[in-house]
A.B. asks: 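So that we are looking at the same thing, I have put the structure below in C-alpha cells.
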Amino acid sequence: MIDELPEYAERVLAAAELIPPGKVMTYGDLAEWLEEGGPRQVGRVMTLYGSAVAWWRVVRADGKFLPGHEQRALAHYREEGTPLKDAGRAATGHMPRLDLRKARWHTEDVSPE
DNA sequence: GTGCTGACACAGG
DNA sequence: ACCTGTGCCAGCA
C-alpha cells in the first residue's frame, strides 16, 4: 500500500509493482510506459521510495547492477529465475549481468493503472 | 536565476 | 569491456 506520496511517485511505484517476477523493466521503459518524466525521474523516485517495492525489477538499460546492491539483486534474480547473461558460469570474481534481451518485460496490453 | 548532481540512455573511441 | 561526453528532466544549494 502506498499513501501520502506525490502522485508521480505513486505511479512509478505502482508500475514497479506490476512487473511480474522473473521479468524486469528499464528506467527509460518505465518512464515511457507512464508517459511522464524520464529515466532520471524514475531513478529519483526509486532512490527515495524504492525500498518499498521490488526495486530489483527496475534496472539500467545496460543490465548492470546498482553498486552495493549486487548481491541482494542477484539473490532475487536467482530466486525468480530472471534470465542472467552468464547464468551458467560459476563465480569468477565478476558478477553476471542481466540478459535484457530475454528478461525485459513488454507491457503490451497492460496499463500502469 | 545559475549551476551541480543524480538508482539514466546513447553514441564514440 | 571500459571510459568519456552529451542530452535529458527534476530537485536543491
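Numbered from 1 within each chain, the chains take letters A, B, ... in sequence-line order.
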A.B. asks: Hey, what's the ring geometry for A:His76 with A:Trp56, parallel, tilted or perpendicular (30° and 60° as the breaks)?
C.D. replies: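 It falls in the parallel class, under 30°.
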A.B. asks: For A:Glu80, look at atom CD and say whether over 12 heavy atoms of other residues, nucleotides or ligands are found less than 6.0 Å away.
C.D. replies: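 Enclosed: over 12 neighbouring heavy atoms sit under 6.0 Å from CD of A:Glu80.
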A.B. asks: Would you kindly give the CG-to-P distance between A:Asp62 and C:dA1, to the nearest whole Å?
C.D. replies: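 So the two atoms are 10 Å apart, to the nearest Å.
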A.B. asks: Across nucleotides 2-7 of chain C, 5' to 3', mark each nucleotide with B, S or - according to how protein heavy atoms within less than 4.0 Å reach it.
C.D. replies: S----B
A.B. asks: Give, for atom CG of A:Leu13 and atom CE of A:Met46, the distance between the pair rounded to the nearest 0.5 Å.
C.D. replies: 7.0 Å
A.B. asks: Which residue, A:Val45, A:Leu34, A:Leu30, forms the side-chain contact (heavy atoms from CB on, under 4.5 Å) with A:Arg11?
C.D. replies: A:Leu34
A.B. asks: Under the 3.5 angstrom rule, does the side chain of A:Lys64 hit a backbone N or O of A:Leu98 as a donor-acceptor pair?
C.D. replies: no
A.B. asks: Expressed as a whole number of angstroms, how long is the span from A:Phe65:CZ to B:dC8:P?
C.D. replies: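 Whole-Å distance recorded here is 14 Å.
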A.B. asks: Taking the side chain as every heavy atom from C-beta outward, state whether A:Val59 and A:Phe65 have any atom pair closer than 4.5 Å.
C.D. replies: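 Side chain of A:Val59 against side chain of A:Phe65, heavy atoms only: no contact under 4.5 Å found.
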A.B. asks: Given atom CG of A:Leu30 and atom P of B:dC8, what is their separation to the nearest angstrom?
C.D. replies: 13 Å
A.B. asks: Over all strands shown, is A:Gly38 touching base, sugar-phosphate only, or nothing at heavy-atom distances under 4.0 angstrom?
C.D. replies: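 Answer is nothing: A:Gly38 stays at 4.0 Å or more from every strand.
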A.B. asks: Write down the protein N/O and nucleotide N/O pairs, taken from nucleotides 10-13 of chain C, whose separation is under 3.5 Å; answer none if there are no such pairs.
C.D. replies:
unit_1, atom_1, unit_2, atom_2, d
C:dA10, O4', A:Gln41, OE1, 2.9
C:dG11, O4', A:Arg44, NE, 3.4
C:dG11, O4', A:Arg44, NH2, 3.3
C:dG11, O3', A:Arg44, NH2, 2.7

A.B. asks: Roughly how far, to the nearest 0.5 Å, is the CG atom of A:Leu18 from the OG1 atom of A:Thr107?
C.D. replies: 10.5 Å
A.B. asks: Please confirm whether any donor atom in the side chain of A:Tyr27 sits under 3.5 Å from an acceptor in the base of B:dA9, or the reverse.
C.D. replies: no
A.B. asks: Determine whether a donor-acceptor pair (N or O, by modelled atom type, separation under 3.5 Å) exists between the side chain of A:Tyr8 and the backbone of A:Glu36.
C.D. replies: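 Yes, the answer is positive, given that a donor and an acceptor are paired below the 3.5 Å cut-off.
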A.B. asks: Using atom CD of A:Glu32 as one end and atom P of C:dC9 as the other, report the distance to the nearest whole Å.
C.D. replies: 13 Å
